[in-house]
Amino acid sequence: MSEAPLLEVANLRTTFDTPRGKVVSVEDVSFSVPRGKTLGLVGESGSGKSVTSLSIMRLVGRGGGQVEAGTITLRGNDGAGIDVLSLPERQMREVRGRDMAMVFQEPMTSLDPVWSIGDQIAESIRLHHGASKREARAQAVEMLRLVGIPAPERRVKDYPHQLSGGMRQRVMIAIALSCRPGLLIADEPTTALDVTIQAQILDLIRRLQAEIGMSVLFITHNLGVVAEIADRVAVMYSGQVVEEGPVAEIFANPRHPYTVGLMASIPGGDHGLKDGHLPTIGGAPPNPLDRPAGCRFAPRCTLAKDACRAAGPALEEVAPQHKVRCIRWQEVTR
Amino acid sequence: MGRFLAERLWSAVLTVLGASIIAFVVLRALPTDPARLIAGPFASEDVLAQVRAQMGLDKPLVTQYLDYIVNFFTGDWGFSYAAGKDVLPLVAERLPASGELALFAFTIAFSLAVLLTVLVSYSGSRVLDGLLRAASFVGVGVPPFWISLLFLMLFFETLGWFPGPVGRGPAPPHVITGFYTFDYLLAGDIRGALTALRHLALPGFALSLASFGYLIRLLRANLLDVVHEPFITVLHSKGVPAFSAHFRHILPNAFLPTITAGGLILAQLLGGSVLVEQIFTWPGIGTLVIDGITRQDYAVVQAFILLSAVIYIVVNFAVDLLYGWIDPRVRRS
Ligand SMILES: Nc1ncnc2c1ncn2[C@@H]1O[C@H](COP(=O)(O)OP(=O)(O)OP(=O)(O)O)[C@@H](O)[C@H]1O
Ligand SMILES: [Mg+2]
C-alpha cells in the first residue's frame with residue numbers, strides 16, 4: 001500500500017437546506033479508493049451514499065445541497081492530485097465524464113428519451129476527445145459491443161424506450177466508460193434490475209475494470225455484493241463512515257456493531273455480537289434532523305453505555321488500514 | 001411510420017364525420033323553419049312546400065345528411081339567404097382576412113412566448129422569472145376586447161402610431177393569396193406591405209395576448225419538470241455544458257406539449273375571432289358567422305362548423321408529423 005490512492009475523500013460534510021431545517025446528509029466522511037481497485041460503500045437507505053457520490057462529482061448543487069467542508073483529491077496517472085472541491089466549474093466539467101464518470105441507480109430514467117443511444121454515447125466522446133461525428137459514432141458502436149449489446153451497428157440508432165432495463169444499464173455503462181475514466185462511481189447500478197441481470201452487470205463492470213484499469217467506487221446496500229466485487233469497504237451509517245478497511249479484514253474481523261449486524265443480514269451468514277444478541281438490527285436509523293447527541297448508532301446498539309451517548313466517537317485506526325467509529329470496538333467480534 | 005400516418009388519417013376522418021353530424025343535427029333541431037325564413041311571413045303553404053322541395057328539406061334526414069356531405073366536399077356549400085349569395089365564395093372572401101390575422105397573432109404569440117421562456121429559464125434569474133410569470137398572468141387574465149379598446153385608445157387615439165378600427169386597409173392591386181401583406185410583397189410594394197402590417201398590428205397583438213400568456217405558462221412548467229428529470233443529472237455527470245444541456249436536451253423534451261397547444265391555438269385562431277374582428281371591423285369569418293347565427297342563415301353556420309373541423313384536422317395533422325419528428329416514442333410506437 002505504498003502507492004497513493006486514486007481518490008481520497010477526507011472529512012466530507014454535505015448539507016441540504018430544507019424547509020424544515022438544515023439536513024446534514026454527510027458528516028465527517030473519509031475513505032480512499034486505491035488505484036485500479038474497488039471500494040464498496042455500503043449502508044442502509046438514507047445513510048448518505050448517493051449524496052457522497054454526488055459530492056465527489058460536485059453535483060449536489062442541482063438538488064439544493066452544498067459541500068460545506070472536507071477535501072476530495074483525485075490523482076492522475078502522473079500522481080499529481082486534483083483538488084476537486086476547489087476546481088473552477090469549467091475545469092470540473094472537463095473532469096466529469098473524462099476522469100470520473102458515474103452510473104446511476106435507475107436506468108429507466110437515466111437516458112434522454114428523445115436522443116438515440118448512439119448519440120448519447122457519442123456526445124461524451126465528442127465532448128472530451130474532440131472526435132468528429134463519424135469517429136464518435138464508430139466509437140459508440142465499439143462501446144456498445146464492449147458492454148455486450150448484440151448487433152451494435154443496428155442498435156446504435158435505437159432509442160431508450162426500445163431497450164430493456166438491463167440493456168439501458170449497459171448503455172449507461174457504455175456512456176460512463178466511453179472516455180476511459182480513471183474512476184467509475186457506480187451508485188447501486190443493479191438495484192433496479194432482476195437477479196440474473198444483476199449478476200451480468202456485476203460481471204461486466206468487473207471485466208471492464210480489468211480491461212481499462214480503472215478504480216471503482218461501488219455503492220450498494222448489499223454486503224454480499226461487496227464481498228464479491230470490492231477490495232476495500234466503507235460502511236456508512238446515518239451520514240457517517242463507521243468502519244472502513246480491506247474487505248478480507250472487515251469480513252474476518254468486523255469491529256463496529258452495525259457492521260456485524262449488516263453481516264448477520266446476509267443470507268447464510270451466522271454472524272452476531274459477542275453476547276449473542278442482535279442477529280439482525282432492530283429499530284431504524286435516526287431522523288437526520290434529530291440525531292442523538294453521542295454515537296448515532298447507540299439507540300439501536302446492545303453494547304451502548306452512557307459514554308456512547310455522551311459524545312460521538314471519532315474514526316479510529318484499530319489495525320493497519322482498518323478504521324472504526326466505536327469506543328467499544330475491542331468488545332465487538334463476530 | 002406508415003401505420004402512424006394511417007392511424008392519423010383514420011382519426012381525421014372520424015373527426016370530420018363527428019363534426020358534420022353535430023352541425024347537421026343541431027341546426028336541424030332548431031325550432032325555426034328555414035323555408036319560412038326564406039319565403040317570408042306572408043308566404044302561402046304552397047310556396048313554403050316549393051321552397052322546401054328546392055332546398056331538399058322534404059327528403060328523409062339521412063338523404064339530406066348525405067347530400068350535405070357530398071355537397072360540402074364538391075364545393076357546394078349551399079346558399080346564404082341573408083347575403084343572397086352562394087356560401088362558398090362568401091367564405092372564400094372572408095377566410096383570408098381571418099387567416100392573415102390569425103397567422104400574425106399566432107406567430108407573435110408563439111415565437112415571443114417560446115423565446116422569452118427559454119431564455120429566462122436558461123438565465124436562471126428569479127427576477128426575470130417573476131416578470132415572465134407576471135406577463136403570462138396578464139396575458140391569460142385580461143379579456144381581449146378590453147385590451148383591444150385599450151390598444152385603440154393608446155396607440156391610435158393618443159399616440160397615433162397605428163391606424164384605427166378600419167379593417168385591413170387598402171386592398172392590393174392583385175389579390176393572389178388573399179393575405180394583403182404577401183400580396184403586396186408579391187407585387188414588390190414594400191410600402192403597401194408595411195401598411196398592411198400596420199393594420200394588422202393592433203388586432204393582431206390584442207388577439208395574441210391570451211395565447212402568449214398560456215404558452216409561457218405551459219412551456220415554463222414543462223421546462224421546470226424536465227430540468228428535474230434524473231437524466232439531466234446524468235448529462236451533467238458526463239460533463240455536458242449547461243448551454244448544450246438546456247437547448248439540446250431539456251428544450252426538445254419540454255417542447256412537445258407546447259407544439260400540441262400551439263396547433264390547437266392556431267386552429268382556433270384560424271376560425272376567426274368574433275370580438276376582435278367586430279371591434280376592428282375586420283372583414284373576417286368571425287363576423288360572418290355571427291351574422292349567420294343572428295339571421296338564422298344556417299347554410300353559413302353549417303359550412304363554418306365543418307370548415308373549422310377541417311382546419312382543426314389539417315393543423316393537427318401537421319402537429320402530429322412534427323411530434324413524430326421530435327419524439328421517437330411517437331414515431332415508432
Ligand atoms: N435534495 C435533497 N434535499 C434534501 N435532503 C436530501 C436531498 N437528497 C438527499 N437528502 C437527504 O440526505 C440523506 C442521504 O440521502 P442519500 O440519497 O444519499 O441516501 P442513500 O444512502 O443513497 O440511500 P439509498 O440507498 O436509498 O439510495 C437522506 O436523509 C436524504 O433525506
Ligand atoms: Mg442512493
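As a basis for the values below, the full set of heavy atoms in this structure was taken, side chains included, without hydrogen atoms, waters or symmetry mates. Residue numbering restarts at 1 for every chain, and letters A, B, ... go by the order of the sequence lines.
In the model, A:T220 has no side-chain atom that pairs as donor or acceptor with a side-chain atom of A:E188 under 3.5 Å. In the model, B:E100 has a side-chain atom that pairs as donor or acceptor with a side-chain atom of B:T181 under 3.5 Å. Judged purely by distance below 3.5 Å, without hydrogens or angles, the side chains of A:T38 and A:Q209 pair a donor atom with an acceptor atom. Donor-acceptor pairing under 3.5 Å is recorded for the side chains of A:S55 and A:T14.
Considering only heavy atoms from C-beta on, B:F247 stays 4.5 Å or farther from B:P252 through its side chain.
Note on A:E8 versus A:R75: salt bridge recorded, some NZ/NE/NH1/NH2 to OD/OE distance being below 4.0 Å. Under the 4.0 Å criterion applied to side-chain N and carboxylate O atoms, A:R155 and A:D158 are assigned as salt-bridge partners. A salt bridge links A:R58 to A:E89: one of the charged nitrogens lies within less than 4.0 Å of a carboxylate oxygen.
Contact annotation for A:L111: only backbone heavy atoms (N, CA, C, O) come within less than 4.5 Å of a heavy atom of chain B. Neither the backbone nor the side chain of A:M92 comes within less than 4.5 Å of any heavy atom in chain B.
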Show your reasoning for whether side chain to side chain donor-acceptor pair (under 3.5 Å) applies to A:Q139 and A:S178. CA-CA 8 Å; A:Q139 284 183 43; A:S178 59; over 6 Å; no

Audit row: B:Y122, B:F243, ring-ring contact (aromatic ring centres under 6.0 Å, His included) steps and yes/no: CA-CA 8 Å; B:Y122 179 64; B:F243 182 86; 5.7 Å; yes

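Applying a 4.5 Å heavy-atom cutoff, none of the residues of residues 308-318 of chain B approach chain A. Proximity to chain A at a heavy-atom threshold of 4.5 Å picks out nothing from residues 108-119 of chain B. Within residues 221-239 of chain B, the residues having any heavy atom less than 4.5 Å from a heavy atom of chain A are, in residue-number order, B:V227, B:E229, B:P230, B:F231, B:I232, B:T233, B:V234, B:L235, B:H236, B:S237, B:K238, B:G239.
Taking A:R137 as the reference, A:D119 meet the salt bridge (charged side-chain N to carboxylate O under 4.0 Å, His left out) condition, with sequence neighbours excluded.
Taking A:V95, A:V103, A:T109, A:D112 one by one and counting their heavy-atom pairs under 4.5 Å with chain B, the maximum is reached by A:D112.
Exactly one residue among A:L184, A:L54, A:I175 makes a side-chain contact (heavy atoms from CB on, under 4.5 Å) with A:M102. That residue is A:L54.
Within a 6.0 Å sphere centred on CZ of B:F104, other residues, nucleotides and ligands contribute more than 12 heavy atoms.
The aromatic rings of A:W115 and B:H249 lie parallel to each other, with less than 30° between the two planes, well short of the 60° mark.
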